[in-house]
Structure formats: structure tokens, C-alpha cells
Amino acid sequence: MIRTALLSAALILSTPALAALSPAETKMVGAVDAAFDADVALLERMVNQNSGTNNIEGVTKVAEMLRPELEALGFKVRWIPQGEVQRAGHLFAEHKGKPGTKRMLLIGHMDTVFEPDSPFQRFSREGSVGKGPGAADNKGGVVVMLSALKAMKAAGTLKDANIVVALTGDEEEAGKPRTIARRDLIAEGKRADVALDFEGLVRLNGQDMGSIARRSSNTWVLKTSGETGHSSSIFSERMGDGAVFEMSRILARFRAELPEPSLTFNVGLLAGGERVELDGEGVRATATGKSNIIPPTAVAVGEFRSLSNEQTERVKAKMIAIAAENSAKTKSELVFNDPYPPMAPTEGNRALLARLNGVNSDLGLPAMPELDPLRRGAGDVGFVAADLDSLAGLGVAGGGDHTDREFVDLTSIPLQAKRAAILMSRISKEKAR
């Protein structure tokens with residue numbers, strides 16, 4: 001797969017299709033290729049700086065690496081502290097271009113899932129493959145973004161472009177409440193015309209795919225309670241079913257009644273007994289009980305993923321109705337936590353992919369089919385997707401995300417940077433909505 005991508009990237013400059021590019025676009029292609037070694041060096045520096053979401057100092061240091069890169073391109077950079085939600089902060093940068101033309105919002109993130117105590121800490125390279133924490137998710141994507149912007153500057157197309165770069169510092173574990181943690185991103189989404197998400201490019205059987213949708217992530221906590229006493233009295237009129245059987249009834253109905261297209265749902269943590277304690281993060285539970293005591297309490301923690309806000313609300317309504325139909329002598333409480341919203345597949349998003357495929361055609365590259373959204377997780381673009389046309393997957397190709405096998409196909413950096421630079425240059429000439 002990587003050899004195929006390398007060959008494809010090498011042939012771009014020699015293909016007759018380049019005749020379809022403008023002189024400025026041809027210059028961008030050359031500028032990206034010339035910057036390859038510098039791009040990989042920047043990626044290595046970023047990866048070697050630990051920036052686990054909870055490593056506030058580390059995320060801040062990555063932002064400090066990126067600030068001069070953006071300022072050199074003429075962006076006005078601002079650091080947005082996120083102490084309110086116990087996170088480092090976000091790096092936003094604005095480039096003001098020609099009035100009345102489309103405003104683009106470029107989205108990426110600086111944090112990774114690997115905290116300072118992880119043994120996976122350093123960048124390594126084997127030919128065209130780079131390995132390291134965050135190499136693909138999402139530091140490689142940030143490098144693609146910067147490479148594209150540098151190419152635009154070299155070709156003179158950045159000058160008139162209206163662009164806001166939004167690099168969050170807590171995408172992997174967003175601070176709560178998310179109304180605060182994503183307040184600035186949401187505000188920029190309402191001002192922009194187009195959102196471009198620089199998280200990873202998905203390849204299936206060697207084919208690059210276009211991402212016009214991402215599903216949501218909705219977490220929930222279900223608690224059930226009931227009468228307690230000697231187990232010999234369970235199911236009696238006086239004692240009822242107890243908390244564990246009531247929990248089982250509700251979860252069984254979820255499994256039977258919730259399934260629908262594009263929806264997945266899961267129970268990730270379950271505990272019940274005489275006494276149950278759930279930690280503040282909702283990731284650990286302790287329970288005590290005996291076989292001859294009817295359990296008075298139970299708790300389950302889970303999530304569901306949906307493709308649209310309408311589907312989210314429909315599923316929540318079903319869950320609430322099921323949980324409310326309690327058995328005798330039992331009660332339940334269902335709470336939904338801060339969600340990651342979906343990026344629904346819209347006609348506007350499809351039009352953006354069509355624009356990208358126009359770039360592919362002019363570069364002599366195959367068209368990118370729509371990716372099945374079940375193959376993508378939630379992401380920051382979901383917070384703005386309801387307000388504007390969006391396209392995801394403009395970052396690097398790689399794999400092993402969130403594991404010590406994470407890698408990036410380094411040849412995808414120039415490939416994706418060329419696509420992005422030309423796409424953004426063309427969009428920048430269009431009238432704002």
C-alpha cells in the first residue's frame with residue numbers, strides 16, 4: 001500500500017493532467033515537494049514532545065512550536081487558555097484576505113492519547129513510514145495543514161484567502177462542560193463558510209476515501225434501584241425484582257429495540273450489588289454484595305453513536321421511554337453526558353468532495369469515493385458541521401491510532417498537502433454565503 005502511494009506521489013509531477021492546473025497551482029505542487037524534508041523534521045519535533053491531553057505543559061509546548069510557523073505565514077495567532085475545564089488550551093490563528101470571499105475553518109488538534117507515563121514517546125522512521133505517538137493522530141494532519149498553507153504563500157494564493165486555523169488541545173478527551181471547551185470553535189463555525197478537518201485520511205484496499213460524515217459520540221449513565229432484603233423474598237409483591245434484574249430488563253430492551261441503520265450502542269461498564277460506587281470520571285466502579293441479599297442498586301455506563309442530530313434525539317427518546325417503564329418496586333435514572341455531535345452527510349458536504357475530486361482529476365489522481373461513516377469516529381468538526389459545509393479526512397494516511405503501533409505513511413504528507421492547497425486556493429476565490 002505504501003509503495004503504491006509513493007509511486008503515485010512521484011508520478012504527479014510527470015503526468016499530463018498537470019496541464020489542467022493554473023501556473024500558481026503548479027507552483028504549489030513544486031513547493032510542497034521541495035518542503036518534504038522540512039515537513040518530516042517538523043513532524044518529528046512535534047511527536048517527540050509529549051502532548052497527552054492531560055499534559056498541560058506538553059500541549060502548551062507543541063503550541064509554542066506551531067505559533068511561529070503560523071505567524072511567518074501572516075496569521076494573527078491567539079492562545080485560548082482552558083483552565084476552566086482543566087485543559088491546556090487551544091491555538092487559533094486568523095488570516096484576513098479579500099473581503100466578501102469564503103471564510104475557511106481548518107480544524108486539527110495538538111493532543112494525543114499518550115500521557116507522559118506511556119512507554120511510547122519517540123519518533124522513528126523506516127523508509128517512508130514514520131512511527132510515534134500522535135504521528136498520524138493528529139500531528140501529521142497539522143503538518144499537512146501547514147505544508148498546504150506554506151505552498152499557498154509561495155504561489156501567492158494565500159494573500160487573498162480568509163482562513164481561521166483552530167487547533168484544539170483536548171480533542172482526545174475534551175474538557176467538560178463542552179459548552180466551554182468548544183465555545184470558541186463553535187463561534188468560529190458560525191462565522192465560516194467551509195470547514196476542513198485535517199484528521200486522518202482513510203484508505204481502503206489502497207484507495208483514498210472522501211469523508212463527508214462522522215458519527216457522534218453520546219455517553220450515558222443508567223442507575224437502577226430497588227428494595228433490598230433476603231433473597232428468598234425476591235419477585236414477591238413486597239420486594240419486587242431488585243436493581244440488577246431491573247437493569248438487565250432495560251439493557252435487554254435496548255438491545256432488542258434500539259437497532260437502526262448507522263447506529264451503534266454499547267455498555268462499557270456494569271456493576272450491581274448491596275453497595276455500588278462509580279468514580280467521578282465514570283470509568284471505574286466498585287461493588288459489594290452477597291448471593292443471599294437482593295441488590296438495591298446497579299449502574300451501567302455506555303455510549304451510542306449516531307449519524308445526525310435527528311437520529312441522536314430519536315434514540316435518546318427511545319432509551320428514556322424504555323428506562324421509565326419500571327418493574328414493581330424499582331426505579332431508574334438515565335443521564336446523558338456532554339456529547340460529541342455528528343457531522344451528518346449533507347449535499348453541501350458532497351459538493352465539497354466533488355470539488356476535491358476536481359482537484360484529484362487535475363492532479364492525475366483517482367476520484368475519492370464516499371467513505372462509510374461507520375468507519376470514522378467522532379471528532380471536533382462535529383461541533384461546527386450543523387452550521388456549514390464540511391469535509392473531513394484531509395490529514396495523513398496511517399494506522400494503529402491510539403496504540404503503540406501508530407504509524408504514518410510519510411508520502412501522504414505531500415499528497416494531501418497538494419490536494420488541500422489547491423482546494424483551499426480555489427475556494428478562497430468564491431463569494432461568501
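Along the sequence shown, residues carry numbers from 1.
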Checking Glu69, Glu64, Glu71 against Arg67 for salt bridge (charged side-chain N to carboxylate O under 4.0 Å, His left out), the one that qualifies is Glu71
Regarding Asn349 and Thr346, is there a side-chain donor-to-acceptor distance under 3.5 Å anywhere? yes
Who passes ring pair (Phe, Tyr, Trp, His ring centres under 6.0 Å) against Phe245, sequence neighbours left out? Phe235
Establish, from distance only, whether the side-chain atoms of His90 and Asp184 form a donor-acceptor pair under 3.5 Å. no
Decide whether Lys429 and Thr157 meet the rule of one side-chain donor and one side-chain acceptor closer than 3.5 Å. no
Could you note down all residue pairs passing salt bridge (Lys or Arg N to Asp or Glu O under 4.0 Å) where residues 104-117 supplies at least one of them, sequence neighbours left out? none
Apply side-chain contact (heavy atoms from CB on, under 4.5 Å) to Leu43 and Arg125, showing your working. CA-CA 11 Å; Leu43 176 62; Arg125 180 176 178 180; over 6 Å; no
I need the full list of salt bridge (Lys or Arg N to Asp or Glu O under 4.0 Å) pairs touching residues 346-358, with sequence neighbours left out, sorted by first then second residue. Glu347-Arg350, Arg350-Glu370, Arg355-Glu430
Classify the side-chain pair Ser306/Thr312 by whether it contains a donor and acceptor separated by less than 3.5 Å. yes
Taking every heavy atom of Asn138 against every heavy atom of Glu199, the minimum-distance pair comes out as ND2-CA, 3.3 Å
Between the side chains of Asn360 and Arg419, is a donor N or O closer than 3.5 angstrom to an acceptor N or O? yes
So, Glu260 and Arg314, do they make that salt bridge, N to O below 4.0 Å? yes
For the pair Phe75 and His95, name the ring-plane relationship: parallel under 30°, tilted 30 to 60°, perpendicular over 60°. tilted
Quiz question: by atom type and distance under 3.5 Å, do the side chains of Arg305 and Ser262 form a donor-acceptor pair? no
Flag the pair Arg249 and Glu325 as a salt bridge only when some basic side-chain nitrogen lies within less than 4.0 angstrom of an acidic carboxylate oxygen. no
Not counting sequence neighbours, which residues clear ring pair (Phe, Tyr, Trp, His ring centres under 6.0 Å) with Phe336? List them please. none
Answer yes if the side chains of Ser216 and Asn218 hold a donor-acceptor pair under 3.5 Å, and no otherwise. yes
Side-chain H-bond candidate by donor/acceptor type, Glu246 with Ser327, under 3.5 Å: yes
Carboxylate-amine/guanidinium proximity below 4.0 Å for Asp404 and Lys131: no
Non-neighbouring partners of Phe265 that pass ring pair (Phe, Tyr, Trp, His ring centres under 6.0 Å), sequence neighbours left out: none
Per the salt bridge (charged side-chain N to carboxylate O under 4.0 Å, His left out) rule, which among Lys176, Arg178, Arg182 passes with Asp170? Arg182
Could you give all pairs that pass the salt bridge (Lys or Arg N to Asp or Glu O under 4.0 Å) test and reach residues 46-57, with sequence neighbours left out? Glu57-Lys61
